[in-house]
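Data block below; observations after.
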2 protein chains.
Amino acid sequence: MDEASFLASYNPRDYPSAAVTVDVVALTIREGTLCVLLVERGQAPHLGQNALPGGFVRDETLDEAALRELAEETGLTPGAEQDETLGRVHLEQLRTYGNPDRDPRMRIVSVAYLAFAPHLPEPVAGTDAARAFWVPVDEAKDLAFDHDQILADALERARDKLEYTPLATAFVATAFTIGELRQVYAAVWGEELHAGNFHRKVLSVPGFVESTGETAARGGERGGPKARLYRAGDARLLHPALLRPTREDRIR
Amino acid sequence: MDEASFLASYNPRDYPSAAVTVDVVALTIREGTLCVLLVERGQAPHLGQNALPGGFVRDETLDEAALRELAEETGLTPGAEQDETLGRVHLEQLRTYGNPDRDPRMRIVSVAYLAFAPHLPEPVAGTDAARAFWVPVDEAKDLAFDHDQILADALERARDKLEYTPLATAFVATAFTIGELRQVYAAVWGEELHAGNFHRKVLSVPGFVESTGETAARGGERGGPKARLYRAGDARLLHPALLRPTREDRIR
DNA sequence: TGAGATCTACTCGATGTGAGTACTACTCGA
DNA sequence: TCGAGTAGTACTCACATCGAGTAGATCTCA
């Protein structure tokens, strides 16, 4: 049987199927705190409980589905490189969750995505996004389905990727100060960093940041000189990496 | 509507669905070369072409599906900690591939897994596994569907994980010499390592290996003293990591 | 028995690291 | 307007780790 006649005789109903969804862990930093985008579920199961935004995959790639869901929940439009769009959002696949009992309705296999963005606006009232809101990750608990686990995995991934990729630049504006970049690390890792050493390391990693030649319009909120401005460089991996302070419990 | 009545009225046909499969990239080292397990497809599409082993997910977790597929193709039984079983195989999810056009039959979303194992036997003739075979990764090309891409992603993941996890110990027997461990790194990274420095680093990383007190029964094939034997330690992360020689093209 | 390979333990200089000091420039409130 | 306090940047120092190389002992194979 050749492939054409095979395809003609092929019946998809002969094979087991499941619903495929994407769930998005969208992270941003608001007032120095790492926050995640949640929605309150408007329908059963888990009615009224908080959950990660997500939905069924349509006739599109998984990446497109994740970007679409994110756009719908934030009220921003995907695409162009402008403010008020998702153009600068970094999106990557996290992993897939498919335990048979993770959803009481039916077999649902969910592909989780991780999204990183600079300070995003509050979701706009009166839109589909009205039911979405930003919550500090420490307060995001008791989520629907297995979303607590997904969020935990997402945070672990984000903390790891900060070490060896320029991911932190996805959380700040196109021009930023070293201090702002340090606050991203502090917010995601949940610990303060030595300002002098951080400064030295960031500037010594080839391709991490490059100077704009400009200087911030004003000093820090509570004093200090005007800082120099930088933009993201062309490195995809940081070498040497910015390792977080080693904690024994992460190793064993 | 409460959850019970909701579930009773719920119709899975109302939602889009897709077939969900697992594909397994099983890696082992044979005669110093990193090899991947392939199967020749016995049916359309891509009849006669090589592919990664895989199949539809049944009423089981994704991890269970991957282990089952691997067991079927190798002829080994999952479970117990003995030789000739998959007990020591390291299995982890890689990522999920779901482009709408990746399979000409229908929408198929495939969750790819990565498996690492010590030298596994040739698949047994006369079993389901007879159509499977080991191929050096350099020679695994022109695979069916998007399996070339999946294999490439798998190799990248494996090379990265060797740096900061004790993954290499999954490729050797329970007792091994430092030289054997070094050959694992050499095979996966595709480059020779400085024996003295490797020795020093492995022994200096807490929890990577621990001495058995024994010594290898004989020296190397081509001479040299009997090496001391070690077993895997309890570390889950290597600190400091064993970084591969930096190549500029990996960074930019 | 000799040639050659390997295991293991060194040394050396170069580089990266955390902790701390110092100086300057700025903001804010008294 | 001035002083206190904060932040940006640039140092130093001791220490850890790195790649490269040397060296001696021990083993296999021809």
Side-chain angles (χ1 to χ4, degrees), chain A residues 32 163-164 172 175-186 189 191-230 235 237-248 251, chain B residues 32 163-164 172 175-186 189 191-206 208-230 237-248 251:
Chain A
E163 291 191 329
Y164 56 91
V172 293
F176 53 87
T177 69
I178 303 294
E180 286 165 355
L181 198 62
R182 178 163 45 80
Q183 285 167 32
V184 171
Y185 278 86
W189 286 349
E191 49 195 322
E192 291 306 313
L193 281 77
H194 185 293
N197 290 340
F198 183 85
H199 200 99
R200 177 184 58 188
K201 289 209 66 168
V202 168
L203 294 186
S204 75
V205 175
F208 190 6
V209 299
E210 55 189 36
S211 175
T212 65
E214 310 268 294
T215 300
R218 50 155 295 167
E221 290 186 30
R222 287 175 297 184
K226 288 167 181 158
R228 294 176 207 159
L229 289 174
Y230 297 85
L237 288 177
L238 303 184
H239 187 84
L242 281 87
L243 300 177
R244 13 177 185 172
T246 311
R247 285 209 307 280
E248 185 67 15
I251 295 183
Chain B
E163 291 191 329
Y164 56 92
V172 293
F176 53 86
T177 68
I178 302 294
E180 289 166 353
L181 198 62
R182 176 163 47 79
Q183 285 168 32
V184 171
Y185 278 87
W189 287 348
E191 49 196 325
E192 293 307 312
L193 282 75
H194 184 293
N197 290 340
F198 184 84
H199 200 98
R200 176 182 59 186
K201 289 208 66 170
V202 167
L203 295 185
S204 75
V205 176
F208 190 6
V209 300
E210 54 189 38
S211 176
T212 65
E214 311 267 296
T215 299
R218 51 155 292 168
E221 288 186 31
R222 289 176 294 183
K226 290 168 180 155
R228 294 176 207 158
L229 289 173
Y230 297 84
L237 288 176
L238 303 185
H239 188 86
L242 280 88
L243 299 177
R244 18 180 178 165
T246 310
R247 285 212 303 281
E248 184 70 14
I251 295 182

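In what follows, chains carry the letters A, B, and so on, assigned in the order in which the sequence lines appear, proteins first and then strands, with residues in each chain numbered from 1.
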Worksheet item: Counting distance only, does the side-chain N/O of Thr177(A) pair as donor-acceptor with the main-chain N or O of Arg228(A) below 3.5 Å?
Response: no
Discussion item. Distance check, rounded to the nearest 0.5 Å: Leu193(B) atom CG versus Lys201(B) atom NZ?
Written reply: 10.0 Å
Practice prompt. Specify the separation, in whole Å, of atom CD of Glu192(A) and atom C1' of dT6(D).
Written response: 14 Å
Worksheet item: In whole angstrom, what separates Phe198(B)'s CZ from dC18(D)'s P?
Response: 12 Å
Item to complete: Provide, to the nearest angstrom, the distance between the CG atom belonging to Asn197(A) and the C1' atom belonging to dC15(D).
Response: 13 Å
Discussion item. Between Trp189(A) and Glu163(A), is there a side-chain heavy-atom distance shorter than 4.5 Å?
Written reply: yes
Worksheet item: Going by heavy atoms closer than 4.0 Å, what residues in residues 207-218 of chain A are next to DNA chain D?
Response: none
Item to complete: Tell me, yes or no, whether the heavy-atom count around Glu192(B) atom CD, taken from other residues, nucleotides or ligands under 6.0 Å, exceeds 12.
Response: no
Fill in: Phosphate OP1/OP2 of dA7(D): any Arg222(A) side-chain N/O under 4.0 Å
yes
Worksheet item: For His194(A), which contact category applies under a 4.0 Å heavy-atom criterion: base, sugar-phosphate, or nothing?
Response: base
Discussion item. Could you tell me how far apart Glu221(A) (CD) and dA7(D) (C1') are, to the nearest whole angstrom?
Written reply: 12 Å
Practice prompt. Starting at atom CG of Leu242(B), determine the distance to atom C1' of dT17(D), rounded to an integer number of angstrom.
Written response: 12 Å
Discussion item. Over all strands shown, is Arg228(B) touching base, sugar-phosphate only, or nothing at heavy-atom distances under 4.0 angstrom?
Written reply: sugar-phosphate
Item to complete: Using the side-chain contact (heavy atoms from CB on, under 4.5 Å) rule, take Ile178(B) and Leu203(B) through it: C-alpha gap first, then chi angles, then the decisive distance, then the call.
Response: CA-CA 9 Å; Ile178(B) 302 294; Leu203(B) 295 185; 4.1 Å; yes
Worksheet item: Between which nucleotides of DNA chain C, read 5' to 3', does contact with chain A run, using atoms under 4.0 Å from its heavy atoms?
Response: dT17(C) to dC28(C)
Worksheet item: Distance from His194(A) atom NE2 to Arg182(A) atom CZ, nearest 0.5 Å?
Response: 10.0 Å
Discussion item. Is the distance between the ring centroids of Tyr230(A) and Phe176(A) under 6.0 Å?
Written reply: no
Worksheet, complete the sentence: Taken to the nearest whole Å, NE2/His199(B) to P/dA20(D) is 19 Å
Worksheet, complete the sentence: Value for CG (Leu242(A)) from OH (Tyr164(A)), rounded to nearest 0.5 Å, stands at 13.5 Å
Item to complete: Salt-bridge test for Arg247(B) and Glu191(B): reply yes if a basic N is under 4.0 Å from a carboxylate O, no otherwise.
Response: yes
Worksheet entry | 5' precedence on DNA chain D between His239(B) and Gly224(B) (nearest-nucleotide basis) | His239(B)
Worksheet item: Quick one: Glu180(A) CD to dG8(D) C1', roughly how many Å, whole number?
Response: 12 Å
Item to complete: Once you apply the 3.5 Å cut-off to both distances, tell me the Watson-Crick or G-U wobble partner of dA30(D), or none.
Response: dT1(C)
Item to complete: Go ahead and name the base partner of dG29(C); Watson-Crick or wobble counts if both distances stay under 3.5 Å, otherwise write none.
Response: dC2(D)
Fill in: Side chain to side chain, His239(B) and Pro206(B), heavy atoms closer than 4.5 Å
no
Discussion item. Tell me the interatomic distance from Arg200(A), atom CZ, to dA7(D), atom C1', rounded to whole angstroms.
Written reply: 18 Å
Worksheet item: Can you tell which of dG8(D), dA20(D), dA10(D) lies closest to the side chain of Leu203(A)?
Response: dA10(D)
Item to complete: Please state whether the phosphate of dG8(D), meaning OP1 or OP2, lies under 4.0 angstrom from any side-chain nitrogen or oxygen of Arg182(A).
Response: yes
